[in-house]
Amino acid sequence: MRGFAWLVGILLLALGQAKLEGQGTLQFNKALILTSDSGQKTVPANKVWKVESYSYNANLRYVAYANWGNVNWNSSNPNPCTGATSGTSNINYYSPSQCPQANANFFVNGNRISGTAFTSFPLWLPTGVVLEVFSNPCYNTVSFSVPANTPVRDDNTNAYLCGPINVTAGAVPNSPVVSILEFNIIP
Amino acid sequence: MKNWLYCLCILPLWGQAQGTLQFNQVLVFTAASGQQTVPANKVWKLESYSPSQARRYTNFGNYGTVGWSTSNPNPCTGATSGSTPLNYFDHSACPSANTALAINGQSVVPNSSQPIWIPASGTIEITANPCYSGASVNVGANTPVRDHTQNTYLCGPISINAGTVANSPVVTVIEFNILP
């Protein structure tokens, strides 16, 4: 009986060893978001990074806000706050434009790999690889507040919208967003 | 002795259980959700972003009498002859300007790339424009009506209430627990 227990024990040990021999498996460690605020990042020792996605920035910069004048509401252009198809409102307008995307880049070991399109995923990156996201500064030149239930004209899209809309002059976040999974390499 | 051997054997299995992701729940976010923050010891996987296709209705009234034919059959019976006095309605897309998806405060081009994995304390926020229907539309069952915007004839029932129209993109997220 004692001999049998030893035999079972050795068999179990062998199975455990088989598990240990499954070297080089990847174990989830954490998710990371990189933006241009992250600076230069290096894949740490004993880790591997999987770049899952690269989302382009969509932010707008607001450059004008002033009175637009009277707008007549009708069935093809209803009041955006009430749906009314008749009547007139004196409204303001704002002018936005896309924050500049030129020079928004994603570098791997100093190589620029994002261009007008970047759809080659995933990117598997080993220890020591250096990543960096760059973006252009972007600024709103006006501050304005459109109160709730107040129509306003979006001069960029020729659309009439309903407040509240609040914009503050100054820097606008303008970075691409890179999504990464970090794995431990289990020896 | 046997217990000691057993412990030796399962140690490697314990090691492998570390750092795995365990499904916790599915989340759906809209503009009404406000800013959402990934909880501690969780990770979110943003799987999809569906833009709003909401319509606002602007008119509902009498259109007059319509004659049915082979090229324009009665939508409720298929009849290709006869005529019916009916109503019409107009509609248009809810405005999408200023609709945005922000990840950690960065407004990104939706669907430019996915999935987006967001770690604990990361944020998601959707913004959308208010949208309003100015007309209520009530078409009875088996009653023809003209969709004036689409230049087509439909069959009731169709019920639209004037007032606020839900106009948000819909984002789906999977939340995982991080098992230590």
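So you know, we letter chains A, B, ... as the sequences are listed, proteins then strands, and number each from 1. All heavy atoms count here, side chains included; hydrogens, waters and symmetry mates do not.
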Nearest heavy atoms of A:A31 and B:P119, plus distance in Å:
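Where A:A31 meets B:P119 most closely, the heavy atoms are O-CB, 3.2 Å.
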
Looking at every non-hydrogen atom in both residues, tell me the closest pair between A:G163 and B:P130 and how far apart they are.
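Looking at all heavy atoms of both residues, the shortest contact is O-CG, 3.9 Å.
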
Are a donor atom and an acceptor atom from the side chains of B:Q106 and A:N59 found within less than 3.5 Å of each other?
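There is no such pair between these side chains.
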
Reported OH-to-OG distance for the pair A:Y56 and B:S112, which is rounded to 0.5 angstrom:
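Atom-to-atom, A:Y56:OH and B:S112:OG are 7.0 Å apart.
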
Min side-chain heavy-atom separation [X]-[Y] under 4.5 Å:
X	Y	answer
B:R56	A:P80	yes
B:Y132	A:T82	no
B:N59	A:T85	yes

Check whether B:A100 gets within reach of chain A through its side chain, its backbone, both or neither, counting any heavy atom under 4.5 Å.
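Neither part; nothing is under 4.5 Å.
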
I'd like to know which of [options] tops the heavy-atom pair count under 4.5 Å against chain A.
options	value
B:S133, B:G134, B:P115	B:P115
B:N129, B:I116, B:V38, B:T149	B:I116
B:I118, B:I103, B:N98	B:N98

Heavy-atom distances under 4.5 Å only: say whether A:N74 touches chain B with side chain, backbone, both or neither.
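Neither; nothing under 4.5 Å.
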
